Student: 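This is the structure I want to talk about, given as C-alpha cells.
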2 protein chains.
Amino acid sequence: MPATLTIGRLAEQAGVGTDTVRYYERVGLLPTPPRRASGYRDYPADSVQRLRFINRAKELGFTLGEIGELLELSGRREHGAADVKRAAEAKLAVVEHKLAELQRVRDGLRTLIDACPGHGPLQHCPIVRALSGEETP
Amino acid sequence: MPATLTIGRLAEQAGVGTDTVRYYERVGLLPTPPRRASGYRDYPADSVQRLRFINRAKELGFTLGEIGELLELSGRREHGAADVKRAAEAKLAVVEHKLAELQRVRDGLRTLIDACPGHGPLQHCPIVRALSGEETP
DNA sequence: GTAAACCCTGGACCATAGGCCAAGGTCAAG
DNA sequence: CTTGACCTTGGCCTATGGTCCAGGGTTTAC
C-alpha cells in the first residue's frame, strides 16, 4: 500500500468529515493535493498532522482564519517563535475580554435569579421588572 | 401630535435600526402594528418598552429565540414568576458552562505562552509543537 | 462481474442577526 | 408645489463553519 490517503481515510484519521476536508481546501487551510488519474485527491500521509493541528487550534478558540495565519507563520522558516507567540498573546487577550463579559452576564443573571421568589405574579418578578425597564441598579 | 410612532422614531428611541425593527416583526418578537392609510406602520408608544426589553435581554446573553419565549411567558397572566425564573436559571447554566470552557482555553493558551521563549527557531516553540501533535501534557 | 462503497463537482442550505438596495409611494417644511 | 426625508416591499448579501444533495464516475470486495 502506498503512503497516501484518499479523502475518506484522511478525514477518518483526523476525525472530521470529507466535506470538511474539501471545505478546508477551499478556504486555503489545506494545500490542494495531487490527483490520481481518476481525479481522486491523493493526500500524503502527513496531511493528518496538519488536520490535527487545525483541530487543536480550534479547541483553543482560534477561528479558521486565525489558524490559516498560524499555519502560514509556522511554514515560513525565516520567522521564528516570536510571531507565533505574538499571535497567541493576541488571542489570549480576546479570550480574556470574552471571559470578563461573560462574567458580567453571569453576575447579572445571578442577581436577578436570587432576587426572584419563584412564585407569585409576574409583576413582582424582578427579572421581568428589570427587563421591562425598571431601574434597579 | 398623536402618541404613536413611525418605525424610524421607534427605532431611534430604542437605539436600533429600522431594518432591525422590521426583522423583529418578521421573526415574531414584535406584534404586527396597525397601519396608517398610507401603509406606514403606526406603533403605540409603549413599543419602545418592548424593544428595550429585547435589548436588555440580549445584553444578558439571551438569543432572539429565547427572548421570544421570555416575552411569551411574561405575556401570559396565568403563569407566574416561576417560569421566568426557570428560564433565567437555564440560561445561567449555559453561561456558566461557556465560562468554564473559556477558562480552560485561557489556561491552555497561557501555559503555552509562558513556555515560549519568544525567540529562536520554530522547532523550539512549544505553541507550534503543541499544535503539531507533540504530547506535552 | 457486479454490487457496494467510495469519490467528483457545483450548488443549495442551516442558524444568527441583521445590512443594504432599488423602485416606488408619502409626508412635512419652506 | 416642490424638495428632501421618510416609508413600503422583496430579495439578495454579510460572516462562520460547515452539511447535504444530485448526478455522475471509480474502486474494491466477494
Side-chain angles (χ1 to χ4, degrees), chain A residues 1-2 4-30 32-43 47 50-71 91 94-95 98 101 105, chain B residues 1-2 4-30 32-43 47 50-71 91 94-95 98 101 105:
Chain A
M1 74 189 248
T4 62
L5 302 162
T6 61
I7 194 172
R9 288 186 197 288
L10 171 61
E12 191 191 352
Q13 289 195 31
V16 300
T18 58
D19 281 334
T20 302
V21 175
R22 280 187 282 256
Y23 175 70
Y24 286 171
E25 181 182 329
R26 245 180 347 109
V27 300
L29 285 187
L30 291 177
T32 63
R35 302 292 186 119
R36 294 195 206 168
S38 60
Y40 282 24
R41 289 172 180 80
D42 201 22
Y43 291 96
S47 298
R50 198 175 174 99
L51 267 174
R52 292 201 175 141
F53 182 111
I54 295 170
N55 286 153
R56 289 198 190 82
K58 280 211 311 164
E59 278 169 26
L60 285 180
F62 290 92
T63 66
L64 294 189
E66 292 163 339
I67 294 169
E69 289 169 31
L70 276 178
L71 284 168
K91 193 65 199 182
V94 169
V95 168
K98 275 192 203 161
E101 239 178 51
V105 166
Chain B
M1 71 188 253
T4 62
L5 301 162
T6 61
I7 194 172
R9 287 184 198 289
L10 171 61
E12 191 191 351
Q13 289 196 30
V16 300
T18 56
D19 281 332
T20 302
V21 175
R22 280 188 281 256
Y23 176 70
Y24 287 173
E25 181 182 329
R26 248 186 337 114
V27 299
L29 285 185
L30 291 176
T32 63
R35 303 292 186 119
R36 294 195 206 168
S38 62
Y40 282 24
R41 289 172 179 79
D42 201 22
Y43 291 96
S47 297
R50 196 171 175 105
L51 267 175
R52 293 203 174 139
F53 182 113
I54 295 171
N55 286 152
R56 287 197 191 84
K58 281 211 311 165
E59 278 169 26
L60 284 180
F62 291 92
T63 67
L64 294 189
E66 292 164 338
I67 294 169
E69 289 169 31
L70 276 178
L71 284 168
K91 193 66 199 179
V94 169
V95 168
K98 275 192 202 162
E101 239 178 51
V105 165

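Bear in mind the structure is a predicted one, so any value in this text is a computation, not a measurement. Each chain gets a letter, A, B and so on, in the order its sequence line appears, and its residues count up from 1.
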Student: If I take atom CZ in residue A/Arg41 and atom P in nucleotide D/dG25, what distance separates them, rounded to the nearest angstrom?
Tutor: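 The answer, rounded to whole Å, is 18 Å.
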
Student: Send over the distance from A/Tyr23 OH to C/dC8 P, rounded to a whole Å.
Tutor: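 About 18 Å, once rounded to whole Å.
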
Student: Between P on C/dC21 and CG on B/Asp19, what's the gap in Å once rounded to a whole number?
Tutor: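 Checked: the CG to P distance equals 11 Å.
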
Student: Identify which one of B/Thr20, B/Leu29, B/Leu30 satisfies the side chain to side chain contact (heavy atoms under 4.5 Å, CB included) criterion when paired with B/Leu51.
Tutor: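 Of all the options given, the one that passes is B/Leu30.
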
Student: What's the angle between the local helix axes at either end of the helix from C/dG1-D/dC30 to C/dG30-D/dC1, using five pairs per end and rounding to 10 degrees?
Tutor: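 For the helix from C/dG1-D/dC30 to C/dG30-D/dC1, the axes at either end differ by 10°.
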
Student: Evaluate the side-chain contact (heavy atoms from CB on, under 4.5 Å) criterion for residues A/Lys98 and B/Lys98: first the C-alpha distance (whole Å), next the side-chain angles of each, then the deciding distance (0.1 Å), finally the verdict.
Tutor: CA-CA 10 Å; A/Lys98 275 192 203 161; B/Lys98 275 192 202 162; over 6 Å; no

Student: Whole angstrom is fine here: how far is it from CG in B/Leu10 over to P in D/dC7?
Tutor: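 Whole-Å distance recorded here is 10 Å.
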
Student: For B/Arg22 and D/dC7, give me the distance from atom CZ to atom P, rounded to whole Å.
Tutor: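 To the nearest whole Å, that distance equals 8 Å.
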
Student: Does the side-chain contact (heavy atoms from CB on, under 4.5 Å) test come out yes or no for B/Leu64 and B/Lys58, once each step is laid out?
Tutor: CA-CA 7 Å; B/Leu64 294 189; B/Lys58 281 211 311 165; 3.8 Å; yes

Student: Give the intermediate values and the outcome of side-chain contact (heavy atoms from CB on, under 4.5 Å) for residues B/Leu71 and B/Ile54.
Tutor: CA-CA 9 Å; B/Leu71 284 168; B/Ile54 295 171; 4.2 Å; yes

Student: Check each residue of residues 33-40 of chain A for a non-hydrogen atom within less than 4.0 Å of any atom in DNA chain C, then write out the ones that pass by number, or none.
Tutor: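 Those residues are A/Arg35, A/Gly39, A/Tyr40.
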
Student: Can B/Tyr40 and B/Ile7 be said to form a side-chain contact (heavy atoms from CB on, under 4.5 Å), step by step?
Tutor: CA-CA 8 Å; B/Tyr40 282 24; B/Ile7 194 172; over 6 Å; no

Student: Is a side-chain N or O of B/Lys91 found less than 3.5 angstrom from the main chain of B/Gly61, in a donor-acceptor match?
Tutor: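 At least one qualifying donor-acceptor pair exists.
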
Student: Quick one: on DNA chain C, does A/Thr6 or B/Gly17 contact a more 5' nucleotide (nearest heavy atom)?
Tutor: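 The residue whose closest nucleotide sits nearer the 5' end is A/Thr6.
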
Student: Between P on C/dC6 and CG on A/Asp42, what's the gap in Å once rounded to a whole number?
Tutor: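 In whole Å, C/dC6 P and A/Asp42 CG are 17 Å from each other.
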
Student: Tell me which residues in residues 58-66 of chain A put a heavy atom below 4.0 Å from DNA chain C, sorted by number, or none.
Tutor: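 Close to the strand, none.
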
Student: Output the rounded distance in Å from OH (A/Tyr43) to C1' (C/dC7).
Tutor: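 The distance from OH of A/Tyr43 to C1' of C/dC7 comes to 11 Å, rounded to the nearest Å.
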
Student: Rounded off to whole Å, could you give me the CZ-to-P distance for the B/Arg26 and D/dC12 pair?
Tutor: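 So the CZ-P distance, B/Arg26 to D/dC12, works out to 13 Å.
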
